[in-house]
Amino acid sequence: GQPTELPFSSIAVLSSRMQSHITHSPVGISEEIDEQKRSTAEDLITRNHRDHHIFFNDQQFHNHLTHHILAAYSFGADADRLKEIYKAHQLILRDKRPHKYDITEDNWTQFQGDENAYTDYEAFFGKQAEKLGINATIRKYGFDQTMIVRLFAGIYHPIIHLGYGVEFQDTLMVSEGLAMDAVHPDQLMVFREHVHQIPPKSNTTLIEIFESIANDERFKGFGGDGASKVATSLHAAVVELANRWFISNDDAIIATKIQEYYHFVVLLYAAIAQRPDKDSVRFSFVLMHALTSMYFLEAFMHSAQEYRVPLLRGHLMTTICSYIAEECPAFHIDLLKNYKRDHVKDWEIIIERGVSGEDEHALKVVRSLYKAQKLYGDADGIYINAALLTMDHVKCVMDWSFAPLGKEEEWDGRGVLRYATRSMLELVDGVTGITVEALQLASNKAFDKIKNMVALK
């Protein structure tokens, strides 16, 4: 049946430095966490903080090492497994860069958006967390007008990283999360004034809003642009869409709305991953992060009450942009509800597969889905079905879809080839002079040849 779990208020502490004081909603965590696991997890997170940069390449791909360790740790991974995770991630990580700027309370906003300031921001926010405490530091800086919308930049990574720091009350991860937030680009800042607004009262549901997006010609042709570009091009329309969903800071309304939104994001992740005319399953890499960040967005509804509206609306506006950038794929909820799981009946097996698996994102998805079920119930099997569907079809990073799911090419396999050609281009860039257009043309020709040879659907 169910894995042993403790409520947040009872999570065993990692050490005197890394501990959890969160006192809301339950999450799966093993009771068998012992001192060796705690000390190993803390040591690996400390080593990562000391040695590694938050981005592992020039495209600002994020260091997920600590996410993977803590997700596995929370489900009872032993010390050897935690070390394996560290070793696997370490292979691609970059060294931490030297200090460049002197960041103080008087000038801390001046270097925002500058990746070269990451190490300096990390040191600054670390000192502030030691002086003010974690929660006060996040309120003062993380929810500042110049920072709160950036939490959702970079495919939601700042709120995810910061969320882990809050969950385990770890100053190192909080300083990293705030520094990551500070150095991300500011395209989402077009929503800065709007996230605080209370929209008009309405009974419009999120499903209705997103189905209207899919049927609106204004939102066609943005597939592959990314949420930030969509925000820049369509910010007024995105705000209008978000304003159709009523939200206020009333406790009862927040409780209802976060449940609706959490459930909807599960559907946005898993109900677009199948089509009745295709045998394949495709999970959006971007919208997967909308789900894994929901774990922490829900948590902030309890620990950051005065910021609940801007956090919810900021996440929603980013998710609207992300859906448009996916070329607005259709929802197939019945396929998700009816997914056959005869081979797996309970969460324990799914969680074990996640902990032992290679891909950290899949494990984080399972953790978010397990939390949804603990909070809101079975939901007609949607949460466990989504978790099993993920485990059955995601074994490594290349199993995620990086091309828009609303485009046919992603379903016939061409999207994976396009991603592969872009990866090849990164490897040869500046050496061979090959353009991405030439590589894409070559991949298209290769795909057509393969398709003819094996009659690929």
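One-based numbering along the sequence shown. Side chains included, hydrogens not; waters and symmetry mates left out as well; all remaining heavy atoms used.
With no hydrogens or angles considered, no side-chain donor-acceptor pair links Y339 and Q274 at under 3.5 Å. Counting only N and O atoms by type, the side chains of H68 and Y86 include no donor and acceptor under 3.5 Å apart. The closest side-chain donor-acceptor pair between D277 and W411, if any, does not fall under 3.5 angstrom. A donor-acceptor contact closer than 3.5 angstrom is absent between the side chains of D43 and T46.
L369 and A387 get closest at one heavy-atom pair: CD1-N, 3.3 Å. Heavy-atom minimum distance, I69 versus L82: O-CD2, 3.6 Å.
Ring planes of Y156 and H315: tilted class, angle from 30 to 60°. Taking the six-membered ring where the residue is Trp, H67 and H157 present parallel rings, their angle staying beneath 30° rather than reaching 60°. Ring geometry for F300 against F143 counts as perpendicular: the plane angle is over 60°, on a 0 to 90° scale with 30° as the lower cut. Between W245 and Y261, the angle of the ring planes lies from 30° to 60°, which puts this pair in the tilted group. Aromatic ring orientation, W400 versus Y269: tilted (interplanar angle from 30° to 60°).
Distance alone, capped at 3.5 Å, places no donor-acceptor pair between the N243 side chain and the P199 backbone. Remark: side-chain polar atoms of S202 are paired, donor with acceptor, to backbone N or O of R244 under 3.5 angstrom. Proximity of a side-chain donor or acceptor of E410 to a complementary backbone N or O of K407 within less than 3.5 Å is not detected. Side-chain atoms of T137 come within 3.5 Å of backbone N or O of Q128 as a donor-acceptor pair.
The aromatic ring centroids of F191 and F152 lie 6.0 Å or more from each other. Remark: aromatic rings of F210 and F264 are close, center separation under 6.0 Å. H393 and F283 have their aromatic ring centers separated by at least 6.0 angstrom.
Counting heavy atoms from C-beta outward, R150 and P158 have side chains that stay 4.5 Å or more apart. A heavy-atom distance below 4.5 Å is found between the side chains of N135 and Q169. Inter-residue side-chain proximity for Q373 and I384 is flagged as met; some heavy-atom pair is nearer than 4.5 Å. Taking the side chain as every heavy atom from C-beta outward, V230 and F219 never approach each other to under 4.5 Å. At least one side-chain heavy atom of I198 sits under 4.5 Å from a side-chain heavy atom of F246. Between Q112 and T146 the shortest side-chain heavy-atom distance falls below 4.5 Å. Between C396 and E358, the closest side-chain pair of non-hydrogen atoms falls below 4.5 Å. When side chains are defined from C-beta on, V266 does not count as touching M294, because their heavy atoms never get closer than 4.5 Å.
Among residue pairs with one or both ends in residues 172-199, none qualify as salt bridge (Lys or Arg N to Asp or Glu O under 4.0 Å); sequence neighbours excluded.
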Exercise for review: Just do the salt bridge (Lys or Arg N to Asp or Glu O under 4.0 Å) check on E84 and R81 with the steps written out, would you?
Suggested key: CA-CA 5 Å; E84 289 175 357; R81 177 61 185 139; 3.2 Å; yes
Review point. Can you list the steps and then say if K364 with Y295 is a side-chain contact (heavy atoms from CB on, under 4.5 Å)?
Key: CA-CA 9 Å; K364 288 155 63 177; Y295 184 103; over 6 Å; no
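Looking at residues two or more places apart in sequence or on another chain, you find a salt bridge (Lys or Arg N to Asp or Glu O under 4.0 Å) between D216 and R218. Scored by the salt bridge (Lys or Arg N to Asp or Glu O under 4.0 Å) test, E211 finds no partners at all (sequence neighbours excluded). Legend: residues meeting salt bridge (Lys or Arg N to Asp or Glu O under 4.0 Å) with K395, ordered by chain and number and at least two apart, are absent.
A salt bridge does not link E360 to R367: none of the charged side-chain nitrogens sits closer than 4.0 Å to a carboxylate oxygen. In this structure, E42 does not pair ionically with R38, as no charged nitrogen and carboxylate oxygen lie closer than 4.0 Å. Contact check on E298 versus K374 returns no salt bridge, with no Lys/Arg side-chain nitrogen under 4.0 Å from an Asp/Glu carboxylate oxygen. The residues E105 and K127 are annotated as not salt-bridged, no charged nitrogen and carboxylate oxygen being separated by less than 4.0 angstrom. Remark: E122 engages K96 in a salt bridge, criterion side-chain N to carboxylate O under 4.0 Å.
Surrounding CG of N203 are at most 12 heavy atoms belonging to other residues, nucleotides or ligands under 6.0 Å away.
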Report, one line per pair, each donor and acceptor closer than 3.5 Å where one atom sits in a side chain of residues 248-256; sequence neighbours left out.
unit_1: S248; atom_1: OG; unit_2: D250; atom_2: N; d: 3.4
unit_1: N249; atom_1: OD1; unit_2: R308; atom_2: NE; d: 2.8
unit_1: N249; atom_1: OD1; unit_2: R308; atom_2: NH2; d: 3.4
unit_1: N249; atom_1: ND2; unit_2: Q305; atom_2: O; d: 3.2
unit_1: D250; atom_1: OD2; unit_2: A252; atom_2: N; d: 3.0
unit_1: D250; atom_1: OD2; unit_2: I253; atom_2: N; d: 3.1
unit_1: D251; atom_1: OD1; unit_2: R308; atom_2: NH1; d: 3.2
unit_1: D251; atom_1: OD1; unit_2: R308; atom_2: NH2; d: 2.7
unit_1: T256; atom_1: OG1; unit_2: A252; atom_2: O; d: 3.1

Donor-acceptor pairs are to be reported for all side-chain atoms of residues 322-329 against protein atoms at under 3.5 Å, with residues two or more places apart or in another chain.
unit_1: S322; atom_1: OG; unit_2: T318; atom_2: O; d: 2.9
unit_1: Y323; atom_1: OH; unit_2: P329; atom_2: O; d: 2.7
unit_1: E326; atom_1: OE1; unit_2: L405; atom_2: N; d: 2.9
unit_1: E326; atom_1: OE2; unit_2: S284; atom_2: OG; d: 2.9
unit_1: E327; atom_1: OE1; unit_2: G223; atom_2: N; d: 2.9
unit_1: E327; atom_1: OE2; unit_2: G221; atom_2: N; d: 2.9

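Taken to the nearest 0.5 Å, the NZ atom of K220 stands 10.5 Å off from the CD1 atom of I213.
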